[in-house]
Structures are given as C-alpha cells and as structure tokens.
Amino acid sequence: MSSLSRELVFLILQFLEEEKFKDTVHKLEQESGFFFNMKHFEDQVQAGEWDEVERYLCGFTKVEDNRYSMKIFFEIRKQKYLEALDRQDRAKAVEILVKDLKVFASFNEELFKEITQLLTLDNFRQNEQLSKYGDTKSARNIMLVELKKLIEANPLFRDKLTFPSFKSSRLRTLINQSLNWQHQLCKNPRPNPDIKTLFTDHSCSPTTANGARPPPPTNSPIVGPIPKAGAFPPIGAHGPFQPVVSPSPGAIAGWMSSNNPSLPHPSVAAGPPGLVQPPSAAAFLKHPRTPSGMTGIDYQSADSEHLMKRMRTGQSDEVSFSGVAHTPNVYSQDDLPKTVVRSLNQGSNVMSMDFHPQQQTILLVGTNVGDISLWEVGSRERLAHKPFKVWDLSVASMPLQTALLNDAAISVNRCVWGPDGLMLGVAFSKHIVQIYTYNPTGELRQHLEIDAHVGGVNDIAFAHPNKQLCIVTCGDDKMIKVWDAVAGRRQYTFEGHEAPVYSVCPHQKENIQFIFSTAIDGKIKAWLYDSLGSRVDYDAPGLWCTMMAYSADGTRLFSCGTSKEGESHLVEWNESEGTIKRTYSGFRKRSSGVVQFDTTRSRFLAAGDEFQIKFWDMDNINMLTAADADGGLPASPRLRFNKEGSLLAVTTSDNGIKILANNDGLRLIRMLESRAIDKNRSPSEPMNSKPLIVNALGPVANVSSGIAPVLERSDRIPPAVTISSLGTMENSRLVDVKPRISDELDKIKSWKIPDIVDPSQLKALRLPDSIANGKVGGLRKKVVRLIYTNSGLALLALASNAVHKLWKWQRSERNQSGKATAYVAPQLWQPPSGTLMTNDVSDNKPAEESAACIALSKNDSYVMSASGGKVSLFNMMTFKVMTTFMSPPPAATFLAFHPQDNNIIAIGMEDSSVQIYNVRVDEVKTKLKGHQSRITGLAFSQSLNVLVSSGADAQVY
C-alpha cells in the first residue's frame, strides 16, 4: 500500500472516531494493521474478552512471528487458563490447554508439562510460583503491565503505537478544499453554491430564465463545521467552502510539494516524543515548478508531496529472529574519537576522504595532485595508490583535451565509496569522474571513466533510483547529472541552478528518491528523478558554499556552509515546518576556509574550524567539546568518521592524516596490531593479507543502507565562474608538486593470498569431541556439513546422525581476538541444560543416507538445518528448536537465508524445485522451477535482488 493510501486510512480512522463508529474503528485498525490502539486493547483485556483480544492482536502479529509475540500470546492464554481453573471449570481449562497452550510445547516442553499439572491441584495457588496470585482483576492488571512492555519492545509494533498527529476533522477539511477548488473551476461560479452530493464533481447550476437564483444552499453533513482551535481558517459564513490558504513566505511550505501551486497543503503537526517516534510532517520543498499546460496531480507526484509526512525513526517492518528491546541509546563524550592512534603521511594535500562502509579501517583518500590512495589505518599500510591519468585520451572530449593541454594540473574534488563498498567514485577538478571496482583483497580495477561536466566536477555520490545503482554528479556547468553505474549511460540531467553546483545529497524516504543540491550562490534546490524541474528554490545560510547531510538513520537533516566573509553556519532543518530548527554556535567569526563537517551515530556533529575539531550534540546548539589532535591541523581541517563512529580521520597541515579513536576504536586498532604480532611470531602460519572486515560494535551487516552522503569540499582558487574561484585559501598547498612519499610507503603491499607450496605452511588441529566419545550412541559419526559462523568465532558441524556440534574459540593471551585459529584448540560448547540440536529425521530413510543441509542467519543467532526430515530452526544460544516446517517428501537439500531478512529462506528441494519460504507467516511465497534434478546449491547476492541456484543436473540458474 502506498504512503498516500496508508495516510487515507488514518484519516478515515479519525473520521470514524469523531462520528462514534467505535466498533468500525477497531475493525479497521485490526484489518489495516497500521495503528495498534493500546487503550482498546487494555479495555478488552480487563473485560476478559479473550477472543476479541486475540482477534485484534492477530491483525498485527502471529504467535510464531518472534519471541515477543510468542510471549504476548502465551501470557494471554495462560491467564485465560488460570481463570478457568479458578472458576473450577475444568472442561474449559482442558479445552484451552489443548487448543491454545499446546502450541508452546514445542518451544518449552517442561513449562507445558508444569502447566498441565495444575489440573491435578484443587487450587492452582498450591503451586509455589502461583501462590501470590490474587483475584481476577488484579491478575489482569499485573499481566497488562507485562503485555505493554512486550508490545513496546516488539519490532512488529514499531511505528504502530502512536497515532499520527494532525488537525481534527482533517478529512472534512480536505473535502472542503476540494469543493473550493471545484468551485473555482466553475464556468458560472456563484457566491452561495449549493452542495447536494459528494458523489460527483461540484458545478454551479446556471440561473433560471427570469434571472432567479435556485434556493439557498443546504450544507451537506460531511462538510459540517470545522473546529476553530488550531485548525484551518474558518469556513465562510454562508457557504461550505474554505478560502484558499496561501503559504507563508517566511517558511518552506513543503519540500515535496504538488505540481499544482494553487493547492497548498498545511504541514502536519509533530506528535509528542515517545518510545516510538510518531510519524510527522517533513515536506521540505517549496515553489513547485509546473510545466505549462500541466494541470492536476498524478499519483506519483502526490506520493512525493506527502513523502516526508511519515518519518520513521525506528527499524523497518522487517523482522529478525534476534529482535531486541528498543531502548534509547545513552551517549557521553567518551563516545567521541579524540585520541590520536595513527599518523599517515599522504605526501600531498588531502582534498577528500571516505571510510569503507563495511571494512571499518579502510580509508579512501584523494589529493590535490589527482591521485587516490587506499589506507589500512590499523596497520598503517597503503593498499593501493593510483596517480591521475586519463584512461583513454582518444575518446576524451575536445574541451577536456584543451583543458589538460592548457593546464595539466588536476585535483580530486571528492572521492566516495558506493553503498556496498564494492565500488568507489572520484570527481576531478576537470570534466571527468572515474569509477573503480574494489576487491576485498585490496585491488582496484578501472570500471568507468565519464566525461561528465564542462569544467570541474564538484561532487559525486551514489544513489538507488528505481532500485538501480546510479552515480550523481554536479559541476561548474550548473548541472546535476545521473549516470548508470554499470554502463555509464546518462539517465537524467537537471538544470535550473544559476551558478556552479557545489554539492549534491541524494536521499530516500520510503519509496521516494530525491536529490538536494547547493550552488555557490547559496541556492538550495531539490529534484525528483523526473523531468519536472526543481521542487526547491531557497536560500542557504551564508549564501555561498553549503553542504547538506542526513544523520545516519536518515531522519534528521543538517547543512553546513561558509559565507564569502568567512562566517560559518551549521544548522539543523525542521522538516515538518521547512525552517531552520536550530543553529549551532561555536565557530570563529572569520574562518579562513570552507568549513567541513560530518555526522556520526545519529547523535554527534563534528566540524573542522580554528585549527581543531569541534563537536556538538545534535540536540544542543552549544559546542560540546573540541580536540586539537595533538596539534598540526590546518585552519579548517577536513574530517570523516567511519560508519560506526569509532574512528575519525582528519587532515594535517603537513600533507598527512591523523586517525583519532574512541574506546571502541582503540580496541579495533589493538586487535589489528595483535593480529600483525601473531603473524610475526608465527612465520609458519599461512599469511592471510586480506584486510580485516570488522565492526567495532557488532557484526557487520550485509545490507546496503540508504545513502546519506556527507559532503566534503576543497578550498579552491579562481577563475571567477568556477568553483575554483572560492577564495584565496592556502595557495601554496595547491601547487602541482609531486607527492613526498617515503620509500617504505612506495612499496605497496600485495594483498593476494599466497600459494601453499610447503607442508610447513599448514597446521593441523583435531577438534575436541566429548559427544562423539560415547554420549551419543558411543560411536563417532561422520561430519556431513561444516561451516564457520559469520563472526568467525565458532565452527558448526552437522553429523550424519542429525546432531549438531558447535566449537567456540575463547579469548586468551594466545588468541586475543577470539577468532578461529589452528594454534589454539576451541571448546565444544553446549548450553547449561545439555540440550543437543538434533534435526527431525525421515521415517522412511535413515539420516545417514539423507541429504543434509545447514544455513546460519546473518547475526549467527539462528541456524536452519535439515537431515532428510522437516526443516528445523534452532536458537544458537539455547539449542532449542524454535519451529519445524516443510515435511517431506520432498526433502530439503540446500538452505540459504536472505541476506537482508532472516525470515526469508530459499529452500532447495529433492524434487528439483526452489521454494521461497517466509518463516514469519509460515507459508511458501514463491516456487521456482527449472532444474531437472535435486538442488545442490543456493546463493543470494549481497547487493542485487538475485538468487543463484545449482542442481545435480549440472545446470546453474
């Protein structure tokens, strides 16, 4: 359902509530699943209307969705069971036990047995755990407290617990506005129109032959009075129409405005803060551009208009089995990276930097002489170095060839990673952008060279319009262009700026993608991926070089700019009003360059000013603290956080880079150091020169996040009509000089896996197996499947008897990282209960002869496995089976989790089909056919919406 359809449901809910259609309101809440009415739920629980309680809940979740949902249903059914026992209605209690509670037996058999034993007691309060059970009313109230906590923590209820805040009688108001508009289109408009129906468009009837008017108007009930307080302007005294509302000239009335300028839409009031932030208005576009002759609004444009009215600050509706309670993060100054841990000598003036989105210690650097480098900041090694050159001069345009002939000097204006880290883009000060593909081994390969703009290319970013990876560029030719990232074909050209375009900021909210752009005349514009022109024409603070960026969670918009006089402005925009929400203080009065800034953790801002790094809490306009990085910084240093905010790169005045770290960053760096020490101590251990993919705060997610680039910029020097004419900032640094790189740094490390040519390079380790030594039948069983966990901390095996075994490496002095290694023996791990993870097996075929398959969820919390019988889902912490499904025949032969949603599983079958199964709703969504024999392999792409399969028929699809 589109965002507009969803909002229409909320308007209908409000109308039904105002008209006192109570039952209909709750039925629509349940069927739409958009708003969970906690008050209604509480009333039904306290009244003991258990059937209605479960019916209402089922509009939002099912028992098996996640552990929160399971607990919610269990508490309700347990209370219903205890109340039946308390009434001495044992027949009803047995019915509840069999129909409602037995479903939980597969998850906790001991608890189910204990509940069953309550039937044997004269009074269930004889059970020690239930001895304090009071009367029915108090028990229901106590249970309600627990239920509310579970519902608030359940990710399925996120964004559904708070009703959007908007003016009362909003549907009536919209109808009034529609009638007003229809009346303006009448050929013979009358001052007192007669509204008799809403089923057809309004049109004023002509006067009679003798000039008499029809009878006075009769107001339709739906267009009744509108509340005055805080609502729209009052309706005319003698008619049902509302006067046209003119947008205030002092505010940005709507960033995503409709194509028809005569239809203003007042912004929606923001709701109160809470555990789950309510949807709020965030339309941030003004002065819509409407092509001549275009009337009305198409549905896509209307979607765009209302795009930001439902900001989501929580996670998406997608559910992971590893759901955790949604609690607010608490931050302190200790979370800021302020300790210098590395100093890197780049050799020439650094113009732009960007950390890899997944490999948290890989830093991309571009310089004023046009070269780019990749640094592994943990080991201080430079992985790659690419001096500037035009890859194919024969196809270069004449303006580019002329520019290079007149002046060979060229600078990197911006370098940035793609969202998945498999591609990077570089924008140069003359005409072109170059796109490289990146191999996790550290290798860069030429991918695309685009002659993008006439003059300098001032910014580059990646975006995903229409689910296709694209490159967005802007330049001195006053244009923004969008290019296909695969073939380099131009897809869109946006014209409208009257000065060179300084920066671009692509972003996405829900299904609407758009681009903010800023020019050196201080104008902000915004563009949808269409041909209808800009949706914004607004002045940025400072009226010169401005960059825009969203917070990491995509919910807060900031800009930072410096005026020609050197006054810097760091502000947060109020997206609900389209105005500046707060202006941060703490800048020097006259900055000597364009101030650079960045955001991290959706909590902190940082900017380079006054030879230091200044930090702000996003919610406080006063500067939080400052750090000078032990000195040596330029007046306006460039800076960049890594994705987790544990490391901060900042440029130095001697053509270098300093890396600052917080406690998490220090641990990350030490881990890399210990890894290097282990290599030096163990020469016989095979070298693995691959950069370490780590995440200081948890496992690396393989999901491409929405692009919210933080814009960097260079200090530039003249001619007058280009970005290069932005001031006289540190001229001596922009001279074309060769990089001063030490001999040691010139020796770029090869990151290829070395060949194994001697047995001494290998080390064998026998894993301890106490289970095999007699605990399971006394016989050793063949291992049929073996995989590492995604974290690299453990090894999981599936034996031929359908039993799983898990070995974990512990942190120790010999193994400080806790990663898998052949030099330290792991422990065979079991939960305290001694439970074994054992698959269901087929009655018709022994497990030893059945196809075995296994797959781990992306966070290592759950394992999906099969040994010829049903597919089982196990909890890796408790080894308990969460659910089983897909009874044979046919049996499952291969399993694969979707990389972005643990609930979606691809199951290869013995009958050659591939079934896409949704665990949450317990149903097969799609069945794929094409193979002629059993499935032998399945793999999801990490970045594309693609599944690859292989079969015993020697075919790959």
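Numbers here are sequence positions counted from 1. As a basis for the values below, the full set of heavy atoms in this structure was taken, side chains included, without hydrogen atoms, waters or symmetry mates.
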Short N-O contact, [X] and [Y], less than 4.0 angstrom:
{"X": "Lys27", "Y": "Glu29", "answer": "no"}
{"X": "Glu152", "Y": "Arg158", "answer": "no"}
{"X": "Asp619", "Y": "Arg603", "answer": "yes"}
{"X": "Glu75", "Y": "Lys71", "answer": "yes"}

Check whether any side-chain N or O of [X] sits under 3.5 Å from a backbone N or O of [Y] as a donor-acceptor pair, and report yes or no.
{"X": "Gln14", "Y": "Lys167", "value": "yes"}
{"X": "Asp901", "Y": "His898", "value": "no"}
{"X": "Ser602", "Y": "Asp553", "value": "yes"}
{"X": "Ser178", "Y": "Leu174", "value": "no"}

Checklist entry - Between Lys62 and Glu923, does a salt bridge (Lys or Arg N to Asp or Glu O under 4.0 Å) hold up when you go through it step by step? => result CA-CA 13 Å; Lys62 300 291 189 295; Glu923 66 179 41; over 6 Å; no

Which value, rounded to the nearest 0.5 Å, describes the distance between [X] atom [atom1] and [Y] atom [atom2]?
{"X": "Lys148", "Y": "Met38", "atom1": "NZ", "atom2": "CE", "value": "6.0 Å"}
{"X": "Gln46", "Y": "Met143", "atom1": "CD", "atom2": "CE", "value": "9.5 Å"}
{"X": "Phe558", "Y": "Cys505", "atom1": "CZ", "atom2": "SG", "value": "12.0 Å"}
{"X": "Leu147", "Y": "Phe41", "atom1": "CG", "atom2": "CZ", "value": "5.0 Å"}
{"X": "Ile175", "Y": "Leu198", "atom1": "CD1", "atom2": "CG", "value": "5.5 Å"}
{"X": "Asn903", "Y": "Lys925", "atom1": "CG", "atom2": "NZ", "value": "11.0 Å"}

Hey, are the side chains of [X] and [Y] touching, using non-hydrogen atoms and a 4.5 Å cut-off?
{"X": "Trp573", "Y": "Lys581", "answer": "no"}
{"X": "Asn37", "Y": "Tyr56", "answer": "yes"}
{"X": "Leu150", "Y": "Asn154", "answer": "no"}
{"X": "Trp527", "Y": "Ser517", "answer": "yes"}
{"X": "Val103", "Y": "Arg77", "answer": "yes"}
{"X": "Leu57", "Y": "Phe36", "answer": "yes"}
{"X": "Leu156", "Y": "Phe60", "answer": "no"}
{"X": "Thr173", "Y": "Arg170", "answer": "yes"}

What are the two closest heavy atoms between [X] and [Y], and how far apart are they?
{"X": "His464", "Y": "Pro419", "value": "CE1-CG, 3.5 Å"}
{"X": "Arg6", "Y": "Phe34", "value": "NH1-CD2, 3.2 Å"}
{"X": "Glu572", "Y": "Met618", "value": "OE1-O, 3.8 Å"}
{"X": "Val504", "Y": "Ala461", "value": "CG2-CB, 4.3 Å"}

Item to check | Counterpart residues, side chain to side chain donor-acceptor pair (under 3.5 Å), relative to His40 (two or more places apart) | outcome: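 Partners of His40 under the side chain to side chain donor-acceptor pair (under 3.5 Å) test: His26.
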
Item to check | Under the side chain to side chain donor-acceptor pair (under 3.5 Å) test, residues paired with Gln915 that sit two or more places apart | outcome: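 Once residues adjacent in sequence are excluded, Gln915 has no partner under the side chain to side chain donor-acceptor pair (under 3.5 Å) criterion.
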
Considering residues at least two apart in sequence or located in another chain, which fulfil the side-chain contact (heavy atoms from CB on, under 4.5 Å) criterion with [X]?
{"X": "Thr200", "value": "Thr197"}
{"X": "Val145", "value": "Lys149"}
{"X": "Thr600", "value": "Phe604, Phe641"}
{"X": "Gln491", "value": "Gln468, Cys470, Val482, Asp484"}

Item to check | Identified side chain to side chain contact (heavy atoms under 4.5 Å, CB included) counterpart of Ser857 within the set Ile905, Leu873, Asn902 | outcome: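 Checked Ile905, Leu873, Asn902 against Ser857; only one passes side chain to side chain contact (heavy atoms under 4.5 Å, CB included): Asn902.
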
Item to check | Trace of the salt bridge (Lys or Arg N to Asp or Glu O under 4.0 Å) decision for Asp51 with Arg55 | outcome: CA-CA 6 Å; Asp51 291 342; Arg55 191 179 303 114; 5.2 Å; no

Next on the checklist: Under 3.5 Å, is there a donor on one side chain and an acceptor on the other for Asn66 and Ser69?
Outcome noted: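 Asn66 vs Ser69: donor-acceptor pair found between side chains.
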
Checklist entry - Any side-chain donor paired with an acceptor under 3.5 Å for Ser503 and Thr518? => result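 Their side chains do contain a donor-acceptor pair, which is all the 3.5 Å distance test asks for.
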
Next on the checklist: Could you tell me if Arg556 sits above the aromatic ring of Tyr550, with its cationic atom closer than 6.0 Å to the ring centre and no more than 45 degrees from the axis?
Outcome noted: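 No, Arg556 does not sit over the ring of Tyr550.
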
Next on the checklist: Once you measure the plane-to-plane angle for Tyr492 and Phe494, does it fall in the parallel (<30°), tilted (30-60°) or perpendicular (>60°) bin?
Outcome noted: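 It falls in the parallel class, under 30°.
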
Checklist entry - Can you check side chain to side chain contact (heavy atoms under 4.5 Å, CB included) on Leu16 and Leu28, steps first, answer last? => result CA-CA 10 Å; Leu16 293 172; Leu28 182 55; 4.2 Å; yes

Item to check | Sub-6.0 Å ring centroid separation between Tyr917 and Phe885 | outcome: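 Yes, they do, as the ring centres are separated by less than 6.0 Å.
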
Next on the checklist: side chain to side chain contact (heavy atoms under 4.5 Å, CB included), that's the test. Do Phe73 and Thr61 meet it? Break it down for me.
Outcome noted: CA-CA 10 Å; Phe73 280 96; Thr61 185; 4.0 Å; yes

Item to check | Derivation and outcome, side chain to side chain contact (heavy atoms under 4.5 Å, CB included), residues Ile76 and Trp50 | outcome: CA-CA 8 Å; Ile76 292 170; Trp50 303 118; 3.7 Å; yes

Checklist entry - Going through the checks in order, is the side chain to side chain contact (heavy atoms under 4.5 Å, CB included) test met by Val914 and Leu947? => result CA-CA 10 Å; Val914 178; Leu947 172 67; 4.1 Å; yes

